[in-house]
Chemist: 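Once you've had a glance at the structure underneath, I'll fire off some questions.
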Amino acid sequence: MSDMGIEHPATVTRRSDLPDPRSAPNVTYNPSLSALRGASSHLETTTEYDSPSYVSECRSRSAAQTKTTVDDDFSPADYRVVADAVDRIGEGEWVCLDRRMGRHDDASSICRLFVPREYGRIALAWGKLFEPLDVPEDETVDPDYVTVQVPDADEVAIRVLAEEGITAVVGSDYTGEAKKSFLRLFMWDAKRKGGLGLHAGSKRVTVRDDAGDLQTKGQVFLGLSATGKSTLTAHGLWLDEDAGESATMLQDDVCALTPDGEVAGSEGAGLYIKTIGLDRDEQEALYDAATHESAVLENAAVDDDGTVHFDEDRYTTNSRAVVKREHLSSAADDIDLGGVDQVFFITRNPLMPPVAKLDEAAAAAAFMLGESIQTSAGDPDAAGEAIRVVGTNPFIMGSKGEEGNRFRELVRDLDVECYVLNTGCVGTTDDPQDVGVRESVTILREIARGSVDWEHDDRTGMTVPSHVPGIDVDEYCVPDHVDDYEAAAAELREERREYLAEFPELDDDVVDAVY
């Protein structure tokens with residue numbers, strides 16, 4: 001203790017300070033998922049699919065109330081948030097779940113979640129995302145990361161002791177806070193090991209090339225929530241299965257790119273998907289998984305009789321479902337990608353073509369720009385506004401400029417093709433050209449097949465398709481859909497340069513590569 005009677009940071013909470021959940025008399029250790037559902041029955045509306053649905057008080061992440069020891073100066077009050085959360089485990093009844101995050105030898109961790117028993121629904125949903133441990137009952141489990149979630153507090157505060165692997169989530173009952181508390185540390189560890197954590201989906205695509213030979217491509221998708229990342233990652237791409245073609249989803253949210261080009265997955269059991277507007281005609285695999293009895297719905301519009309309305313934002317546009325991989329037809333059995341061939345930056349910028357090909361410096365610029373639209377998952381009050389988030393990753397810890405440099409080095413050394421993919425609309429006039437799921441899927445399929453012809457467009461200064469089988473690319477010429485395109489493009493490039501200038505560690509030639 002200091003002279004002021006304030007605990008010094010050197011005596012912060014450590015994992016060894018937390019109670020042993022197997023011996024603590026008020027903690028139920030690793031209860032079954034059915035037991036957790038039973039404990040939360042008073043909060044459940046049972047859907048027409050016999051799955052549980054819950055409504056939380058907090059309905060999005062609390063980014064503004066989050067601090068980490070990597071990026072913020074912690075005060076004694078910040079450390080006290082963590083200590084008080086840990087002390088709360090001694091009060092009332094709690095549940096504790098252990099799960100394994102990732103399967104890769106260099107990117108897997110044991111995760112431990114403590115929540116009050118009355119909020120067992122959080123543990124139920126979280127427990128379906130990650131895989132149970134295969135550890136004998138008499139063997140001690142030493143977790144790598146621990147999260148203590150205390151929803152019933154007057155103020156929201158998320159505090160991350162990165163070096164200790166401890167997160168306190170106080171005042172929020174949103175399942176997404178529990179999920180991201182572990183994934184945040186997963187990505188940080190990947191960077192410390194010479195790779196890079198990515199807020200990205202990954203898939204394996206096997207296609208016939210122009211010569212008729214089968215080729216397998218590893219695709220990775222970077223994008224914020226609600227930009228189509230999960231949709232495109234899980235989509236089967238309407239391939240010719242009779243010809244041996246296939247597309248399988250490996251991950252839909254967070255991966256770790258290793259120095260040798262492997263893409264390690266994190267969530268081995270389930271996915272935490274957005275359900276607003278979920279439509280079986282365009283998202284068959286996700287729809288079927290979300291309407292299976294094994295799903296857990298959060299903040300979805302569900303009537304008292306169990307009728308589900310995915311098209312209704314009764315509580316929030318950030319409605320969610322935890323779905324099981326085993327009931328997602330597009331999901332592979334494995335979660336790791338052996339090698340990445342193509343990276344797609346998903347944007348909703350109307351001054352961008354449906355797709356453009358980037359060199360390594362421009363790809364690093366795209367990574368740093370992270371252009372998208374704000375979503376209800378990040379900030380409900382600003383949903384729909386233009387936004388820039390480095391790596392489209394709100395969970396980066398440490399220097400963002402160094403992440404951009406690392407990304408450039410990795411894609412250069414691994415010879416990765418990079419693209420920017422617009423899943424919104426082309427143009428700012430009264431009649432913009434929509435880029436729908438059909439167009440985006442067609443582009444992804446034909447890029448994988450190698451059947452897209454490319455050309456340098458003098459008007460935009462970008463490398464764009466001159467031919468895509470199944471799409472009339474002339475309809476998507478950006479300058480044709482923007483009044484005074486030259487002025488708008490010049491203003492956009494200047495904004496991008498000014499934004500990138502905010503990161504002093506970023507290499508100058510990346511800043512100069514803005515498009």
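The shown structure was predicted, so the numbers you read here are calculated from the model rather than taken from an experiment.
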Chemist: Just verifying a value: how many Å separate Phe221 CZ and His199 NE2, rounded to the nearest 0.5 Å?
Modeler: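 The CZ atom of Phe221 sits 14.0 Å away from the NE2 atom of His199.
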Chemist: Should Arg408 and Glu360 count as an ion pair when the cut-off is N to O under 4.0 Å?
Modeler: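 Counted as a salt bridge, because a side-chain N and a carboxylate O are separated by less than 4.0 Å.
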Chemist: Please check if the side chain of Asp453 supplies one atom and the backbone of Val468 the other of a donor-acceptor pair under 3.5 Å.
Modeler: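 No, the answer is negative, given that no donor and acceptor are paired below the 3.5 Å cut-off.
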Chemist: Between Asp78 and Arg159, is there a salt bridge with N-O shorter than 4.0 Å?
Modeler: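 So Arg159 pairs with Asp78 through a salt bridge.
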Chemist: Between Met462 and Met352, does the side-chain contact (heavy atoms from CB on, under 4.5 Å) criterion hold? Intermediate values first, please.
Modeler: CA-CA 10 Å; Met462 304 185 73; Met352 289 293 99; 4.1 Å; yes
Chemist: I'd like to know if the side chain of Ser399 and the backbone of Glu402 have a donor-acceptor N/O pair within less than 3.5 Å.
Modeler: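 Present.
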Chemist: May I have the step-by-step check of side-chain contact (heavy atoms from CB on, under 4.5 Å) for Leu196 and Glu403, ending in yes or no?
Modeler: CA-CA 7 Å; Leu196 201 60; Glu403 293 237 346; 3.5 Å; yes
Chemist: Output the distance between atom OG (Ser109) and atom CZ (Arg99), rounded to the nearest 0.5 Å.
Modeler: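 That separation rounds to 15.5 Å.
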Chemist: We want to know whether Thr258 and Asp260 form a side-chain donor-acceptor pair, criterion being a heavy-atom distance below 3.5 angstrom.
Modeler: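 Looking only at side-chain atoms, Asp260 and Thr258 do form a donor-acceptor pair, the distance falling under 3.5 Å.
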Chemist: Using 4.0 Å as the upper bound for N to carboxylate O, is an ion pair formed by Arg112 and Asp144?
Modeler: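 Salt bridge absent between Asp144 and Arg112.
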Chemist: Apply salt bridge (charged side-chain N to carboxylate O under 4.0 Å, His left out) to Glu282 and Arg438, showing your working.
Modeler: CA-CA 8 Å; Glu282 290 192 336; Arg438 184 191 72 81; over 6 Å; no
Chemist: Counting C-beta onward and ignoring hydrogens, is there a side-chain heavy-atom pair between Ile387 and Leu224 closer than 4.5 Å?
Modeler: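 SC-SC contact between Ile387 and Leu224 confirmed.
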Chemist: What distance do Asp311 atom CG and Ile276 atom CD1 have between them, rounded to the nearest 0.5 Å?
Modeler: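 Output value for this atom pair is 7.0 Å.
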Chemist: According to the interplanar angle, ranging from 0 to 90°, do the rings of Phe344 and Tyr419 count as parallel (below 30°), tilted (30 to 60°) or perpendicular (above 60°)?
Modeler: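 Parallel.
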Chemist: Can you confirm whether the side chains of Ser181 and Thr167 place a donor and an acceptor under 3.5 Å from each other?
Modeler: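 There is no such pair between these side chains.
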Chemist: Has Asp483 got more than 12 heavy atoms of other residues, nucleotides or ligands less than 6.0 Å from its CG?
Modeler: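 Counting neighbours around CG of Asp483, 12 or fewer heavy atoms of other residues, nucleotides or ligands fall under 6.0 Å, so no.
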Chemist: When you check the side-chain N and O atoms of Thr216 and Arg204, is any donor under 3.5 Å from an acceptor?
Modeler: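 Looking only at side-chain atoms, Arg204 and Thr216 do not form any donor-acceptor pair under 3.5 Å.
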Chemist: Any donor and acceptor pair, going by atom type alone, linking the side chain of Ser108 with main-chain N or O of His104 inside 3.5 Å?
Modeler: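 The answer is yes, because a donor-acceptor pair under 3.5 Å joins these two groups.
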Chemist: May I ask you to test the Ile447-Val355 pair for a side-chain heavy-atom distance under 4.5 Å?
Modeler: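 The answer is yes, as the side chains (C-beta and beyond) meet within the 4.5 Å cut-off.
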Chemist: So, the side chain of Asp359 versus the backbone of Ala361: is there a donor-acceptor pair under 3.5 Å, distance only?
Modeler: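 Between the backbone of Ala361 and the side chain of Asp359 there is a qualifying donor-acceptor contact (under 3.5 Å).
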Chemist: Decide, yes or no, whether a salt bridge links Glu417 with Lys357 under the criterion of side-chain N to carboxylate O below 4.0 Å.
Modeler: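 Salt bridge absent between Glu417 and Lys357.
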Chemist: Using every non-hydrogen atom in the two residues, find where Arg459 and Cys477 come nearest and quote the distance to one decimal.
Modeler: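 It is NH1-SG, 4.2 Å.
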Chemist: Between Glu371 and Arg496, does any NZ, NE, NH1 or NH2 come within less than 4.0 Å of an OD or OE carboxylate oxygen?
Modeler: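 Yes, this pair counts.
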Chemist: Let me confirm one number: the NZ-OG1 distance from Lys274 to Thr227, rounded to the nearest 0.5 Å.
Modeler: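 With rounding to 0.5 Å, NZ (Lys274) is 10.0 Å from OG1 (Thr227).
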Chemist: In terms of side-chain heavy atoms, does Tyr174 have a donor or acceptor partner in Asn318 at a distance below 3.5 Å?
Modeler: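 Looking only at side-chain atoms, Asn318 and Tyr174 do form a donor-acceptor pair, the distance falling under 3.5 Å.
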Chemist: I want to check something: taking the side chain as every heavy atom from C-beta on, are Thr316 and Ser60 in contact at a cut-off of under 4.5 Å?
Modeler: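 No, every pair of side-chain atoms sits at 4.5 Å or beyond.
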Chemist: For this output row, return yes or no: ring centroids of Phe182 and Trp126 closer than 6.0 angstrom.
Modeler: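 Yes - the distance between ring centres of Phe182 and Trp126 falls below the 6.0 Å cut-off.
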Chemist: With distance as the sole criterion, is a donor-acceptor pair present between the side chains of Glu298 and Thr175 under 3.5 Å?
Modeler: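 The answer is yes; a qualifying pair exists.
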Chemist: Where do Val160 and Arg184 land on the side-chain contact (heavy atoms from CB on, under 4.5 Å) test, with the steps shown first?
Modeler: CA-CA 9 Å; Val160 184; Arg184 181 187 290 114; 3.8 Å; yes
Chemist: Under a 3.5 Å distance rule, please check whether Lys128 uses its side chain to pair with a backbone N or O of Val323 as donor and acceptor.
Modeler: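 Side chain of Lys128 to backbone of Val323, a donor-acceptor pair under 3.5 Å: no, none is there.
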Chemist: Is any side-chain heavy atom of Trp454 closer than 4.5 Å to one of Pro465?
Modeler: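 They are in side-chain contact.
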Chemist: Mark yes or no for whether Asp457, through its side chain, and Thr463, through its backbone, hold a donor-acceptor pair below 3.5 Å.
Modeler: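 Side chain of Asp457 to backbone of Thr463, a donor-acceptor pair under 3.5 Å: no, none is there.
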Chemist: Indicate yes or no: at least one non-hydrogen side-chain atom of Ile335 is less than 4.5 angstrom from one of Glu267.
Modeler: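 In short, these two side chains do not touch, never coming nearer than 4.5 Å.
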Chemist: Please test Ser202 against Thr233 for side-chain contact (heavy atoms from CB on, under 4.5 Å), starting from the C-alpha separation and ending with a verdict.
Modeler: CA-CA 6 Å; Ser202 60; Thr233 304; 5.7 Å; no
Chemist: Is there a donor-acceptor pair under 3.5 Å between the side chain of Asp213 and the backbone N or O of Asp209?
Modeler: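 No, Asp213 side chain to Asp209 backbone: no donor-acceptor pair under 3.5 Å.
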Chemist: Working to the nearest 0.5 Å, report the span between OG of Ser330 and NZ of Lys203.
Modeler: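 Interatomic distance, Ser330 OG to Lys203 NZ, rounded to 0.5 Å: 7.5 Å.
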Chemist: Quick check against the 3.5 Å criterion: does Gln342 have a side-chain atom that pairs as donor or acceptor with the backbone of Val220?
Modeler: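 No; zero donor-acceptor contacts below 3.5 Å.
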Chemist: Looking at Glu495 and Arg388, is any side-chain nitrogen of the basic one under 4.0 Å from a carboxylate oxygen of the acidic one?
Modeler: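 Yes, charged N to carboxylate O under 4.0 Å.
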Chemist: Does the side chain of Ser466 reach to within under 4.5 Å of the side chain of Val473, using non-hydrogen atoms?
Modeler: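 No, too far: nothing below the 4.5 Å cut-off.
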Chemist: Do the side chain of Thr68 and the main chain of Asp71 share a donor and acceptor less than 3.5 angstrom apart?
Modeler: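 Yes, the answer is positive, given that a donor and an acceptor are paired below the 3.5 Å cut-off.
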Chemist: Without hydrogens or angle criteria, can the side chains of Glu177 and Ser172 be said to hold a donor-acceptor pair below 3.5 Å?
Modeler: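 Side chains of Glu177 and Ser172: no pair found under 3.5 Å.
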Chemist: Closest heavy-atom contact between Leu185 and Tyr145?
Modeler: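 Distance-wise, the nearest heavy atoms are O-OH, 3.4 Å.
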Chemist: Which heavy-atom pair separates Met187 from Cys255 by the least distance, and what is that distance?
Modeler: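 Minimum heavy-atom separation between Met187 and Cys255: CG-O, 4.4 Å.
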Chemist: Search all heavy atoms of Val482 against all heavy atoms of Ala488 and return the closest pair with its distance.
Modeler: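 Taking every non-hydrogen atom into account, CG1-CB, 4.1 Å.
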Chemist: Salt bridge or not for Lys229 and Asp253, using N-O below 4.0 Å?
Modeler: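 Answer for the salt bridge query: yes.
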Chemist: Looking only at the side chains, is there a donor atom on one of Thr275 and Ser319 sitting less than 3.5 Å from an acceptor on the other?
Modeler: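 Yes, Ser319 and Thr275 have a side-chain donor paired with an acceptor closer than 3.5 Å.
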Chemist: For the atom pair CG (Asp474) and CG (Asp480), what is the distance rounded to the nearest 0.5 Å?
Modeler: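 Here the interatomic distance stands at 8.5 Å.
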Chemist: Is a side-chain donor or acceptor of Thr69 paired with a backbone partner of Ala162 at a separation under 3.5 angstrom?
Modeler: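 Looks like yes, one N/O pair under 3.5 Å.
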Chemist: State whether a side-chain donor-acceptor pair under 3.5 Å links Thr347 with Asn422.
Modeler: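 Short answer, no.
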Chemist: Which word best sums up how the rings of Phe345 and Phe367 line up, parallel for under 30°, tilted for 30 to 60°, or perpendicular for over 60°?
Modeler: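 Ring orientation, 0 to 90° scale: perpendicular.
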Chemist: Looking at Arg103 and Glu131, does any basic side-chain N land under 4.0 Å from a carboxylate oxygen?
Modeler: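 Here Arg103 pairs with Glu131 in a salt bridge, since their nearest N and O are under 4.0 Å apart.
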Chemist: Run the side chain to side chain contact (heavy atoms under 4.5 Å, CB included) test against Val441 and tell me which residues pass, sequence neighbours left out.
Modeler: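 Val441 satisfies side chain to side chain contact (heavy atoms under 4.5 Å, CB included) with Leu232, His235, Leu237, Trp238, Val437, Arg445 once adjacent residues are dropped.
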